[in-house]
Number of protein chains: 2
Amino acid sequence: MSPPTTSTPAWNVLVATCPSRTSLAEIANKWTAMIVVVLSEGPHRFTQLRDAVDGISGKVLSDTLKRLERDGIVSRAAYDEMPPRVEYSLTPLGQSLHEPLRSLSRWAEAHIEQVLEHRDAYDARPPRTTLG
Amino acid sequence: MSPPTTSTPAWNVLVATCPSRTSLAEIANKWTAMIVVVLSEGPHRFTQLRDAVDGISGKVLSDTLKRLERDGIVSRAAYDEMPPRVEYSLTPLGQSLHEPLRSLSRWAEAHIEQVLEHRDAYDARPPRTTLG
DNA sequence: CAGAATCCGTGTAGATACTG
DNA sequence: CAGTATCTACACGGATTCTG
């Protein structure tokens, strides 16, 4: 039974011993963000995912999917066929995570130019060896 | 089809060569999330931040703040006093990042119990050595 | 106080090769 | 196709020390 949204969460990620930190570390991750965004469009097979998330290696994809499955964010459906077919999809829990993560990746896309400009300016500035 | 947002982002994090990936990697990070959430309440000094983000080490805080400053997300104000005083705050760019990141940490807090239950169930299940 | 510098352990990523 | 198994490598996090 999950608490209604009105209830105050007993957890606080700012506390080191809070278990919610372990899941924050899991979801605040670039691969997780991209995988969840892709899976939000519907079930994907392993190779489909690897193609969609350009540049990810098979091992990293496999590891990440396993962790997400363990956390109940992704579900795995293996069909006993030849050649083998496995489909990954978002659980309801994972779907609730989609919005926050999509916001993040959208932010990255929308503000990358500003970020790049800042980086250029920062890197052009002399190091703060002496007091300015 | 792309949604009718105000401006169409030319960037796509799913493409490996897209520069927005570099900023996604930066912001999709547990320390960044916690720091931005804390700074959203107002400027903080270094030690205040280290206390607020429980468990973070001085080096990691310093490194992360430097990266965030470089990206234009955090601004640093050093006052030439004795003892030294430095205040960190969110730039307007950083403030625009607050909502997405707060959503993430709230998700972690709100769903940690479900996540823990899934982990227990997953770990209790025998390994998938043979076909199920 | 606010850090820089240093050292070090570990996790995570990446490449490659192999299997059912 | 959908992984697993290995190995390597480096970035990251963490603890400690030193300084203006």
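Quick caveat: nothing in here was measured; it's all calculated off a predicted structure. Sequence lines set the chain letters: A, B, ... in the order given, protein chains first and strands last, and positions in each chain run from 1. Only this structure's heavy atoms are used, side chains among them; waters, hydrogens and symmetry mates stay out.
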key: Annotated protein contacts, base or backbone, on nucleotides 15-20 of chain D with a non-hydrogen cut-off under 4.0 Å, one of B, S, - each   = B----B

request  = Answer yes when B/R119 and B/E117 have at least one side-chain N-carboxylate O distance shorter than 4.0 Å, and no when they do not.
outcome  = no

note = Distance col, row B/R67:CZ vs B/S23:OG, nearest 0.5 angstrom, shows 13.0 Å

task = Grab the CG-P distance between B/D80 and C/dG3 for me, whole Å please.
result = 13 Å

task = State whether B/Y88 places a side-chain N or O below 4.0 Å from either non-bridging phosphate oxygen (OP1 or OP2) of C/dG3.
result = yes

inquiry  = Quick check on the helix from C/dC1-D/dG20 to C/dG20-D/dC1: what's the angle between its two end axes, five base pairs per end, to the nearest 10°?
reply    = 50°

key: Partner residues of B/W31 under the side-chain hydrogen bond (donor to acceptor under 3.5 Å, both in side chains) criterion, sequence neighbours left out   = none

inquiry  = Under 4.0 Å from OP1 or OP2 of C/dA2: is there any side-chain N or O of B/R76 that close?
reply    = no

request  = Could you state the atom-to-atom distance from CD of A/E81 to C1' of D/dA2 in whole Å?
outcome  = 13 Å

message = Using a 4.0 Å heavy-atom cut-off, does A/Y79 contact any base of the nucleic acid, only the sugar-phosphate backbone, or nothing at all?
response = nothing

ask   = Can you check whether A/S62 has a side-chain N or O nearer than 4.0 Å to OP1 or OP2 of D/dT4?
value = yes

key: Contact residues, residues 18-49 of chain A to DNA chain D [heavy atom, < 4.0 Å]   = A/R45, A/F46, A/T47

query = Under 4.0 Å between a Lys/Arg side-chain N and an Asp/Glu carboxylate O for B/E87 and B/R85?
reply = yes

ask   = Quick one: does B/V115's side chain get under 4.5 Å of B/W107's, heavy atoms only?
value = yes

message = Run the side-chain contact (heavy atoms from CB on, under 4.5 Å) test against A/A78 and tell me which residues pass, sequence neighbours left out.
response = A/R76, A/V86

request  = Please state how far atom CG in A/D63 lies from atom C1' in C/dG14, giving the value in whole angstrom units.
outcome  = 11 Å

query = Which distance, rounded to the nearest 0.5 Å, do you find between the CD1 of A/I27 and the OG1 of A/T32?
reply = 8.5 Å

query = Rounded to the nearest 0.5 Å, how far apart are CD1 of A/I73 and CG of A/L97?
reply = 5.5 Å

key: Nearest-angstrom distance from the residue atom NZ of A/K66 to P of D/dA2   = 15 Å

inquiry  = Quick check: do B/V74 and B/T64 have side-chain heavy atoms less than 4.5 Å from each other?
reply    = no

task = Take the protein atom CZ of A/R50 and the nucleotide atom P of C/dA13, then report the distance between them rounded to whole Å.
result = 16 Å

query = Stepwise, does the side chain to side chain donor-acceptor pair (under 3.5 Å) test hold for B/T91 with B/S75?
reply = CA-CA 6 Å; B/T91 64; B/S75 69; over 6 Å; no

task = Mind jotting down which residue pairs meet the side chain to side chain donor-acceptor pair (under 3.5 Å) criterion with at least one end in residues 33-61 of chain A? Sequence neighbours excluded, please.
result = A/S40-A/H98, A/K59-A/D63

task = Please report, rounded to the nearest Å, how far the P atom of C/dT12 is from the CG atom of A/L61.
result = 16 Å

